[in-house]
Amino acid sequence: MIIGIGITIFWILIAFLAPILQTIGLIQDPTELLSNNPIEPPSISHWFGTNLRGYDVFSRTLLGSQAALKVVFLSTILSMIIGVPLGLISGYLGGKVDRILLFLMDTIYTIPGLLLSITLAFVLGRGILNVAIAVSISYIPQYYRIVRNHTTSVKNELFIEAAKAMGATSTHVLSRYLFFNVIQSVPVLFTLNAADAILVLGGLGFLGLGLPEEVPEWGHDLKEALSDLSTGVWWTTLFPGLGMTLMVVGLSFIGEGISEMFNPTLRNQRK
């Protein structure tokens, strides 16, 4: 978990500092191509070399972290904001509301997440917010199911019955007594979905359905570099792929660490 936090903080710092470094001239404009030679190997002037179009791979790799983090956090927060309240309401009220929501979420859950994201991205178009919405839809049922199941088991506890007997409204019970007792698993799911969202964003960018072409994004850069592998040009694929891999590994480590914190059985097995 410490390693994962270190990797994630590193990329967050890169995302914040890269525009400043670009402003003071330490890294090149990621959209500049006319002043560079295409397919130039790593050197002092271009640390990670240049790609077929003449883009500086170093600057695009660093600034690609911005797009990844924006989409990741927007998509996971959107899915959590929608999924958690729906799970609370469904588990607490039960009955017809629960059946309708459960049927709707099961329908979404049966569709492969990447396929659903591709379809929505095609409909919504390119852009940070549109891609975040397309990615977030497939995560909503996961938050819904976890929170609903916890709510169903907790709502019959004595402290909930006591709150109702004292005149607490449903809104008060949900927000004060149930919410903090059913979200223990949400942080784990949040970090694991964040790691998965990076891969989905990369897949959308690789298919040309992600962000606009002028925005540095690892998946799009890998698509552009696909033809370079057959000619022995390795740097155009290595560094964007390495950036994506490191961010996914960092978030996955955090998720596994949080899971052990909330699950003593896993922690004892690891010991």
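For clarity, every value in this text was computed on a predicted model and none was experimentally measured. Basis for what follows: all heavy atoms, side chains included, without hydrogens, waters or symmetry-related copies.
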Taking the side chain as every heavy atom from C-beta outward, state whether [X] and [Y] have any atom pair closer than 4.5 Å.
X: T236; Y: V233; answer: yes
X: Y55; Y: P30; answer: no
X: L63; Y: Q22; answer: yes
X: S65; Y: W11; answer: yes
X: V57; Y: H46; answer: no
X: Y109; Y: Y144; answer: no
X: N51; Y: P38; answer: no
X: L242; Y: F48; answer: no

Could you give the distance from [atom1] ([X]) to [atom2] ([Y]), rounded to the nearest 0.5 Å?
X: L69; Y: I198; atom1: CG; atom2: CD1; result: 7.0 Å
X: T61; Y: I14; atom1: OG1; atom2: CD1; result: 10.5 Å
X: L201; Y: M247; atom1: CG; atom2: CE; result: 10.0 Å
X: L174; Y: Y92; atom1: CG; atom2: OH; result: 6.0 Å
X: L26; Y: L62; atom1: CG; atom2: CG; result: 11.0 Å
X: Q142; Y: I108; atom1: CD; atom2: CD1; result: 11.5 Å

Any idea which heavy atoms bring [X] and [Y] closest together, and the distance?
X: S252; Y: A195; answer: OG-CB, 3.6 Å
X: S227; Y: S230; answer: O-OG, 3.1 Å
X: V72; Y: A194; answer: CG1-CB, 3.4 Å
X: L74; Y: A132; answer: CB-CB, 3.6 Å
X: S79; Y: I140; answer: CA-CG1, 3.7 Å
X: L116; Y: I111; answer: CB-CG2, 4.0 Å

Could you tell me whether the side chain of [X] and the main chain of [Y] form a donor-acceptor pair under 3.5 Å?
X: S138; Y: V135; answer: yes
X: S259; Y: E256; answer: no
X: K155; Y: G91; answer: yes
X: T8; Y: I5; answer: no
X: R126; Y: G208; answer: yes

*Can you establish whether the number of heavy atoms outside I24 located under 6.0 Å from its atom CD1 is more than 12?*
yes
_Heavy atoms from other residues, nucleotides or ligands near CD1 of I3 exceed 12 (cutoff 6.0 Å)_ = no
*Member of H220, Q28, E217 meeting the side chain to side chain contact (heavy atoms under 4.5 Å, CB included) criterion with R60*: H220
_Check against side chain to side chain contact (heavy atoms under 4.5 Å, CB included), L86 and Y143_ = CA-CA 9 Å; L86 288 180; Y143 291 99; over 6 Å; no
Is it the case that [X] and [Y] place a side-chain donor and acceptor less than 3.5 Å from each other?
X: Y139; Y: D196; answer: yes
X: N36; Y: T50; answer: no
X: S90; Y: D98; answer: yes

*Determine, stepwise, if the pair F190 / M80 fulfils side chain to side chain contact (heavy atoms under 4.5 Å, CB included).*
CA-CA 8 Å; F190 181 89; M80 185 173 61; 4.1 Å; yes
*Report the C-alpha separation of I128 and K70 in whole Å, then their side-chain angles, then the decisive distance to 0.1 Å, and conclude whether the side chain to side chain contact (heavy atoms under 4.5 Å, CB included) test is met.*
CA-CA 7 Å; I128 295 287; K70 286 178 182 178; 4.2 Å; yes
In one Ile/Leu/Val/Met/Phe/Trp/Tyr side-chain cluster, 4.5 Å: [X], [Y]:
X: L124; Y: L129; result: yes
X: I100; Y: M105; result: no
X: W235; Y: L229; result: no
X: I7; Y: F73; result: yes

*Begin from the C-alpha positions of L226 and F206 and carry the test side chain to side chain contact (heavy atoms under 4.5 Å, CB included) through to its verdict.*
CA-CA 10 Å; L226 186 61; F206 191 85; 3.9 Å; yes
*In terms of ring plane angle, is the pair W234 and F239 parallel, tilted or perpendicular, where the classes change at 30° and 60°?*
tilted
